[in-house]
Amino acid sequence: MGLVMGTFSLQSKQVNYHKDKADDDLEMTMVCHRPEGLDQLEAQTNFSKRELQVLYRGFKNECPSGVVNEDTFKQIYSQFFPHGDASTYAHYLFNAFDSAHTGSIKFEDFVTALSILLRGSVQEKLQWTFNLYDINRDGYINKEEMTDIVRAIYDMMGKYTYPVLKTDAPKQHVDAFFQKMDKNRDGVVTLDEFILSCQEDENIMRSLQLFENVI
Amino acid sequence: MAAGVATWLPFARAAAVGWLPLAKKTMPKPPVDNSSRSDEILYVNVSGVRFQTWKNTLDRYPDTLLGSSEKEFFYNEDTQEYFFDRDPEMFRHILNFYRTGKLHYPRHECIQAFDEELAFYGIVPEIIGDCCMEEYRDRKKENQERLAEDTEANEATDAPLPPHSTSRERLWRAFENPHTSTMALVFYYVTGFFIAVSVIANVVETVPCRPPKGRVKDLPCGEKYQLAFFCMDTACVLIFTFEYLMRLFAAPSRCKFMRSVMSVIDVVAIMPYYIGLVMPENEDVSGAFVTLRVFRVFRIFKFSRHSQGLRILGYTLKSCASELGFLLFSLTMAIIIFATVMFYAEKGTKGSTFTSIPASFWYTIVTMTTLGYGDMVPNTIAGKIFGSICSLSGVLVIALPVPVIVSNFSRIYHQNQRADKMRAQQKVRLARIRMAKKGTTNAFLQYKEDRALGVRATHRGQVLTSETPNKTKDPDSDNTALCVKNRSAFEHQHHHLLHCLEKTTNHEFTDEMTYSELCMTESVGFRTSRSTSLSSQQGVQNNSTGCCPRRARRRAAMRLANSTVSVSRGSVQELDTLHIKTTSIASQNRSSLNAQASDLKLNCGEPDFTAAIISIPTPPANSPDESLPSSPAPIPGILRNTRARAFTHETVKISSL
């Protein structure tokens with residue numbers, strides 16, 4: 001156990017080998033990111049050491065370089081939704097995970113987001129979701145952003161649905177959403193409105209508890 | 001789904017939180033995971049080499065042995081590890097598959113061994129990584145081809161004829177595999193001889209013979225001895241026609257036969273003769289007829305049925321068709337180019353033989369194949385230059401496809417050699433198997449005799465000492481005990497199994513000799529069985545149509561006459577068993593071994609005959625058995641009858657089973 005801990009307690013460093021133009025492809029694979037120490041991660045997140053170890057093992061196996069870029073992310077996510085096109089939603093998800101906007105998800109980002117989603121408080125979860133919906137990160141969700149998100153979700157369903165998907169289904173969905181969330185009818189949803197509306201909705205509250213034991 | 005995807009599933013599920021505010025209904029309940037979520041290290045011991053891996057790693061592929069609950073069958077409680085009695089070297093690759101998601105094929109391993117390991121661990125070979133897939137596929141194909149060839153070779157030639165084959169099938173088989181029967185072989189050689197004769201006749205026909213009296217010019221022999229050649233030709237064609245019709249009749253699929261190459265050759269070989277018969281002696285037509293006679297030379301191709309080498313050559317050429325085609329195409333291209341060039345180069349010169357481009361074709365071909373007849377020679381300098389380039393390039397172009405053809409031929413030839421070698425090996429192997437089987441049967445028979453001896457010994461012990469027959473001081477029994485002990489546990493159990501089978505079927509195992517004896521002793525001792533007081537029963541017995549019961553009876557009599565040890569033992573045994581198992585249905589005695597159940601369709605005999613028969617006199621004098629009680633000294637005549645009676649009763653009993 002101590003050995004395992006010792007292996008993990010390495011300082012975070014970015015190892016970058018700069019090659020000439022011809023080795024551009026190589027550069028990607030040479031980039032190797034090591035996460036912060038196990039102790040630090042344990043302090044920052046709500047996971048135990050064991051859980052972090054399991055998560056990291058899986059992560060490292062899939063991405064030996066230590067980072068996930070958007071294409072890989074889209075690929076992975078699409079495998080769970082073979083019926084439809086999950087790339088748009090995956091793009092939004094990627095942005096939500098990549099809180100530092102570096103263009104790639106490191107293990108810390110991964111674990112932090114998971115910690116919020118699975119072990120966070122209701123407030124944190126809702127805030128994360130708000131960030132997901134707020135594509136341009138301006139603090140407001142407007143109808144266009146919401147429509148994009150909803151359309152992306154409907155895209156994941158694919159063509160063959162029952163009942164048949166109508167073209168204005170996303171729009172209707174967005175309208176219903178705004179009806180519920182936009183308290184002051186100003187056309188945008190702020191964080192507070194969002195959290196308040198969700199807390200009023202029993203369904204949402206109940207559903208939030210469902211994802212406790214995913215790990 | 002790939003293994004890696006399983007790793008990301010928790011994250012994907014977590015991300016579903018993002019849908020919650022949009023959902024109009026409650027989310028469904030998540031599945032309850034009862035299994036322990038904590039990850040642990042598993043120990044896998046493969047033939048002593050200990051591997052350790054996370055449980056998660058193995059769980060990645062739940063439809064394999066290691067990923068499913070199937071591995072629990074191999075769990076060793078004492079050592080707290082999973083033990084597999086398999087190759088540890090191969091297991092390394094298997095485990096790497098779980099770790100990395102890619103299955104690699106080790107090049108130095110035998111393909112079949114690898115396949116077997118994969119099958120054992122429940123891994124589908126299709127997931128071999130791209131890096132190793134080609135190599136795997138190639139070797140697998142090679143192996144399959146070899147196996148297919150071997151089975152083909154096995155089935156094709158030396159398989160014994162199915163028992164109920166029609167004459168047509170037999171005929172076809174005789175044609176295809178001449179060495180199966182003497183007649184076929186004779187026919188094979190006769191046709192070969194006549195093919196040779198026909199071909200030689202065709203050749204000699206054209207040789208100029210001395211002219212007959214009154215003529216100056218040399219005549220070809222064909223015209224001088226026209227009648228003789230005609231008779232020979234007729235005979236050959238008759239034989240060929242007969243052969244062709246026989247083959248046509250015997251062929252399993254006539255359409256397919258008619259389309260096969262050999263059949264076409266046959267037809268082409270004999271058609272000219274018939275056409276010649278039919279054709280009138282017309283001048284114009286006979287010109288065409290003469291051309292037809294050329295086809296007679298195709299008779300030489302009939303030899304390919306007789307020579308495997310020819311067939312191989314033909315097969316090689318067929319398989320190299322693409323290379324040959326390429327050669328032809330490239331040659332054509334080169335010929336056209338050079339012919340054109342030469343023509344224009346030599347156009348100006350006087351008396352040039354290069355009159356046209358097609359005429360230059362001839363020069364180009366002759367030059368490229370380095371023949372160089374010299375009938376067409378360039379005179380201009382340009383012509384000579386191009387001519388030399390032509391001959392140099394010709395060498396190169398022709399040399400290219402030749403190695404391909406040669407390697408193909410070599411491969412096919414070696415395959416054939418291997419097939420022959422396999423056949424020879426197979427014969428040896430079969431002989432060895434037969435010997436081993438005989439060894440086992442003999443061992444079993446020996447075991448039975450020893451058992452009988454042992455039984456006798458114990459019985460003697462019973463009678464003499466009237467105690468529990470555990471310890472008899474009889475030297476025989478000690479010997480038998482020793483004999484019994486020297487066999488392995490496996491043999492014991494095997495023999496016990498065979499014994500059970502005997503009991504189940506009420507038949508006994510015997511060896512070839514005794515069986516043939518059975519069949520041979522038809523004529524001996526038959527009549528003796530009739531003249532007994534129990535003739536009524538025997539009458540019933542005699543009504544049975546099976547020959548074997550009678551034979552067996554005779555055999556029993558024969559046994560007495562021969563008084564071989566084994567026979568006596570056998571008869572002893574039958575009486576012994578009768579004696580010991582008074583109430584139970586007596587076991588099959590050896591003499592009724594060959595009786596078919598259907599033969600013994602008798603009315604149920606009365607069971608109380610058993611008692612009467614048990615008190616029947618003892619076995620022949622040479623047997624040292626005095627243990628049977630109430631056994632008056634036998635008189636051979638009576639003995640025979642009683643034996644027969646015993647047998648009769650036996651058979652009656654059998655039928656009542």
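Keep in mind it's a predicted model, so treat the numbers as computed, not measured. Lettering follows sequence order; numbering is per chain, from 1.
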Could you check whether atom OH of A/Tyr140 has more than 12 heavy atoms from other residues, nucleotides or ligands sitting under 6.0 Å from it? no
Taking everything shown except B/His414 itself, do over 12 heavy atoms lie less than 6.0 Å from its NE2? no
Over all heavy atoms of both residues, which pair between A/Leu117 and B/Ala14 is shortest? Give the atoms and the distance, please. CD1-O, 3.5 Å
Which bit of A/Thr129 comes within less than 4.5 Å of chain B, counting heavy atoms only: side chain, backbone, both or neither? side chain
Decide if atom CE of A/Met157 counts as having more than 12 heavy atoms of other residues, nucleotides or ligands within a radius under 6.0 Å. no
Interface moiety of A/Tyr92 toward chain B, non-hydrogen atoms closer than 4.5 Å: neither
As an exercise: rank A/Phe130, A/Trp128, A/Phe73 by heavy-atom pairs under 4.5 Å with chain B and give me the winner. A/Phe73
Does atom NZ of B/Lys141 have more than 12 heavy-atom neighbours from other groups under 6.0 Å away? no
To the nearest 0.5 Å, what is the distance between CZ (B/Arg99) and CZ (A/Arg57)? 12.0 Å
Applying a strict 4.5 Å limit to non-hydrogen atoms, the region of A/Met205 in contact with chain B is neither
Do other residues, nucleotides or ligands put more than 12 heavy atoms under 6.0 Å from B/Glu72 CD? yes
Separation between CH2 of B/Trp54 and CD of A/Gln53, rounded to the nearest 0.5 Å: 6.0 Å
Against chain B, label A/Val68 side chain, backbone, both or neither, depending on which of its atoms sit under 4.5 Å from a heavy atom there. side chain
Heavy atoms from other residues, nucleotides or ligands near CG of B/Asp63 exceed 12 (cutoff 6.0 Å): yes
